[in-house]
Engineer: 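The following block contains the structure, expressed as structure tokens.
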Amino acid sequence: MNRAPSSSLRRRGAKPEDSTSSQSFHQYDSADESAGGNVGTFIAPVHSDDNMSSFLRDSSDNSSSDNDDAASISNGPQTTVAPTSATQKRASYSSPPSRMRRQMSASAVSKDESRLRKLLTRILSGLIMISLFIAILLSGHVYVCALVFVLQGLLFRELVTVRYNAFFDRIDRTIPLFRTTQWMWFGVAIFYAYSEFAVEMIKGDTNLHYLLDVAQWAPLLSFGMYTGTFVVTIATMQTGHIKFQLNQLCWTIVVLCLTVGQLKYIMHNIYNGLIWFTLPILLVITNDIMAYFSGITCGRKFIHRTFVELSPNKTWEGFIGGGIFTVVIGWYLSRFLAKFAWMTCPTNTFAFFPHELVCEKENIFHEATTYFPSQAFELFPRALIRLLGPSRVVEICSVDRDATNLTACISGANNMKHHHWEMALSIVPIQLHSILLSLFASLVAPFGGFLASGIKRAYGIKDFDSIIPGHGGLMDRFDCQLIMALATWVHYNTFVKITTVSVSKLLYMYRLLGEEERKQFLEKITQIPSAK
């Protein structure tokens with residue numbers, strides 16, 4: 001026996017009684033159903049907020065009876081009613097209750113505010129770091145070296161703390177002097193790396209030659225520190241935990257390679273001219289910023305393939321866009337920095353108070369004229385090349401088909417034939433060096449960041465530290481700078497200045513000669529013709 005449909009089922013087919021009054025149609029989606037609402041689409045005329053509230057209460061109160069009605073109907077003869085297009089249209093116009101809309105809106109607003117607050121924090125922290133960096137640069141080379149030393153210590157601490165926190169219980173109970181031996185290895189590495197630099201500086205400054213007798217003991221002292229640390233490390237190994245301790249020792253050595261090994265020659269970069277310290281840092285920062293903006297604007301719009309699994313948020317568009325912008329900005333940035341003697345002049349003195357640097361600029365910092373390869377113009381149509389204008393590109397013609405008689409083409413001259421295109425560029429050679437450094441900062445240096453991402457992913461951490469608000473730890477910001485500093489030293493010694501010779505170093509070498517060798521040296525010096 002068929003039962004009469006319940007009140008809720010009758011509502012489903014109800015028609016509006018007053019066509020002139022404002023009516024709203026509401027439905028519950030799947031999320032509302034899971035929260036305890038009735039299954040199906042409820043459509044009812046609503047004339048006021050009170051009516052809507054009472055309707056929702058009735059629907060909730062009658063949920064159990066509706067289920068019973070649906071069960072009893074399923075036992076009797078069933079009639080399947082296909083939804084009409086009008087019903088589907090009314091359902092498409094329906095929307096969640098206003099309370100749900102308000103909650104979703106508040107959540108979205110809170111999320112946007114949090115994102116904006118994080119962005120402002122990052123920008124403010126970045127401006128503070130840049131201001132401090134500029135202030136230290138202007139203070140002098142000694143303070144820049146001190147900054148690098150402090151950063152190395154903090155970077156080492158962040159990286160070794162990753163595994164220390166991961167295995168704290170085991171380390172604290174079973175391994176004695178664990179943190180002590182780690183910092184002993186750091187001290188050995190730092191002394192070995194920078195004692196060589198200090199000896200070079202002493203040799204290059206005649207005012208410091210009185211320290212040469214002490215400086216000659218540096219290698220022995222480095223070896224003594226190494227052997228002492230080696231003995232302590234082996235002596236503290238515990239039976240049953242040797243494999244774990246060897247893993248920790250390997251991790252310590254890897255961290256030293258990252259934080260000390262790659263920065264071994266950064267002091268040389270500083271004293272060879274601050275531009276070799278400042279320009280690479282700015283190139284990496286530029287690449288980081290422009291890759292970020294290229295990624296958020298064009299990311300995965302052209303290339304959908306994942307760029308690097310270690311850092312899934314990185315995109316091909318960000319990587320390519322960051323590289324292009326870095327090369328362009330580096331071209332003009334290097335020319336700007338080359339104007340200042342404070343950036344270009346090398347020095348070999350330890351001055352604790354800033355003073356004016358006066359030197360003869362190297363050729364790479366002087367403006368020069370170079371010619372763009374004419375063969376490159378053969379790849380483009382002549383009409384396109386002429387659009388650049390005669391002030392930039394000059395068409396060179398041969399006169400009477402004589403390849404040795406070349407001159408600028410004259411329009412309408414019948415005895416002239418096109419020979420090649422010529423474009424003169426006024427550049428500072430350091431700009432050419434900046435292209436190579438920019439390419440390295442764009443193509444290779446980011447993989448230092450990918451390594452850092454892999455470490456964080458392996459140990460389940462978001463940031464290495466929280467020392468920089470909005471940025472995390474120092475390793476989160478300097479992960480790409482480490483290998484860039486090493487690349488700059490290799491580039492400088494390969495393409496710019498292979499050896500560094502000064503009068504002070506010659507005097508040092510002269511004092512190492514015996515009496516007979518000194519006489520021979522003076523004789524040879526007098527035979528060298530003086531420059532006219």
Side-chain angles (χ1 to χ4, degrees), residues 110-111 114-126 128-129 148 150-175 178-183 185-186 189 241 243-263 284-285 287-289 291-292 295-296 299 306-315 318-319 322 444-485:
S110 177
K111 186 176 181 179
S114 176
R115 185 178 302 171
L116 178 61
R117 185 164 55 252
K118 290 179 180 179
L119 179 61
L120 293 177
T121 302
R122 287 174 66 91
I123 294 175
L124 181 60
S125 300
I128 293 175
M129 287 191 294
V148 171
V150 172
L151 290 177
Q152 282 183 284
L154 294 175
L155 289 170
F156 178 80
R157 182 190 67 85
E158 288 183 359
L159 287 172
V160 296
T161 301
V162 171
R163 280 183 65 89
Y164 181 78
N165 291 337
F167 303 101
F168 173 77
D169 293 336
R170 185 173 183 180
I171 294 172
D172 188 58
R173 293 194 310 266
T174 60
I175 303 177
F178 177 78
R179 298 301 294 269
T180 302
T181 53
Q182 283 187 323
W183 283 103
W185 282 113
F186 177 76
H241 302 281
K243 184 176 180 180
F244 175 75
Q245 288 182 276
L246 288 176
N247 288 335
Q248 294 287 38
L249 179 60
C250 292
W251 173 248
T252 303
I253 294 174
V254 169
V255 172
L256 289 175
C257 290
L258 294 175
T259 58
V260 180
Q262 293 185 119
L263 297 180
V284 171
I285 294 175
N287 181 259
D288 192 17
I289 295 174
Y292 171 77
I296 63 175
T306 302
F307 178 56
V308 175
E309 295 291 343
L310 290 176
S311 187
N313 291 330
K314 299 293 190 297
T315 63
F319 183 75
V444 180
F447 284 84
F450 302 151
L451 172 61
S453 298
I455 294 173
K456 290 187 289 186
R457 181 179 292 271
Y459 291 94
I461 58 177
K462 184 178 182 297
D463 296 316
F464 285 98
D465 207 336
S466 58
I467 191 172
I468 308 176
H471 293 267
L474 290 172
M475 190 61 189
D476 295 292
R477 290 276 62 86
F478 292 93
D479 46 12
C480 302
Q481 299 284 0
L482 304 178
I483 193 172
M484 189 68 199

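Just so it is clear, the model here is predicted, and its values are computed rather than measured. These values consider heavy atoms only, across backbone and side chains, with no hydrogens, waters or symmetry-generated copies.
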Engineer: Within the side chain of T174, is there an N or O that forms a donor-acceptor pair under 3.5 Å with the backbone of I171?
Structural biologist: no
Engineer: Considering residues at least two apart in sequence or located in another chain, which fulfil the side chain to side chain contact (heavy atoms under 4.5 Å, CB included) criterion with L124?
Structural biologist: I128
Engineer: By side chain to side chain contact (heavy atoms under 4.5 Å, CB included), which residues pair with Q262, not counting sequence neighbours?
Structural biologist: L258, L482, I483
Engineer: Nearest 0.5 Å, please: how far is CG in L256 from CZ in F156?
Structural biologist: 5.0 Å
Engineer: I need the L116 CG to K118 NZ distance, nearest 0.5 Å.
Structural biologist: 12.0 Å
Engineer: Could you tell me if the side chain of R163 sits less than 4.5 Å from the side chain of N247, heavy atoms only?
Structural biologist: yes
Engineer: Would you please test R477 and D288 for side-chain contact (heavy atoms from CB on, under 4.5 Å) and show each step?
Structural biologist: CA-CA 9 Å; R477 290 276 62 86; D288 192 17; 3.3 Å; yes
Engineer: Using ring pair (Phe, Tyr, Trp, His ring centres under 6.0 Å) as the criterion, list what pairs up with F167, not counting sequence neighbours.
Structural biologist: F244
Engineer: Enter the distance from L474:CG to M129:CE here, rounded to the nearest 0.5 Å.
Structural biologist: 8.5 Å
Engineer: Could you check if a side-chain atom of N287 sits within less than 4.5 angstrom of a side-chain atom of F319, using non-hydrogen atoms only?
Structural biologist: no
Engineer: Give, for atom CG of L119 and atom CD1 of I123, the distance between the pair rounded to the nearest 0.5 Å.
Structural biologist: 4.0 Å
Engineer: Among all residues two or more places apart in sequence or in another chain, which pass the side chain to side chain contact (heavy atoms under 4.5 Å, CB included) test with V308?
Structural biologist: L310, F450
Engineer: For the residue pair V284 and C480, what are the closest heavy atoms and their distance?
Structural biologist: CG1-CB, 3.7 Å
Engineer: For residues 451-469, pull every pair meeting salt bridge (charged side-chain N to carboxylate O under 4.0 Å, His left out), keeping only residues two or more places apart or in separate chains.
Structural biologist: R157-D465, K456-D476
Engineer: About how many Å separate CZ of F186 and OG1 of T252, when rounded to the nearest 0.5 Å?
Structural biologist: 12.0 Å
Engineer: Shortest non-hydrogen contact from G473 to I468?
Structural biologist: O-CD1, 4.2 Å
Engineer: Does the side-chain contact (heavy atoms from CB on, under 4.5 Å) test come out yes or no for D479 and L451, once each step is laid out?
Structural biologist: CA-CA 8 Å; D479 46 12; L451 172 61; over 6 Å; no
Engineer: Can Q182 and V255 be said to form a side-chain contact (heavy atoms from CB on, under 4.5 Å), step by step?
Structural biologist: CA-CA 10 Å; Q182 283 187 323; V255 172; over 6 Å; no
Engineer: Taking atom OG1 of T181 and atom CG of L249, what is their separation to the nearest 0.5 Å?
Structural biologist: 8.0 Å
Engineer: Would Q481 and I285 count as a side-chain contact (heavy atoms from CB on, under 4.5 Å) here? Give the steps.
Structural biologist: CA-CA 9 Å; Q481 299 284 0; I285 294 175; 3.9 Å; yes
Engineer: Is there any ring-ring contact (aromatic ring centres under 6.0 Å, His included) pair reaching into residues 453-484, and which pairs are they, with sequence neighbours excluded?
Structural biologist: none
Engineer: So, T306 side chain and E309 main chain: donor-acceptor pair closer than 3.5 Å or not?
Structural biologist: no
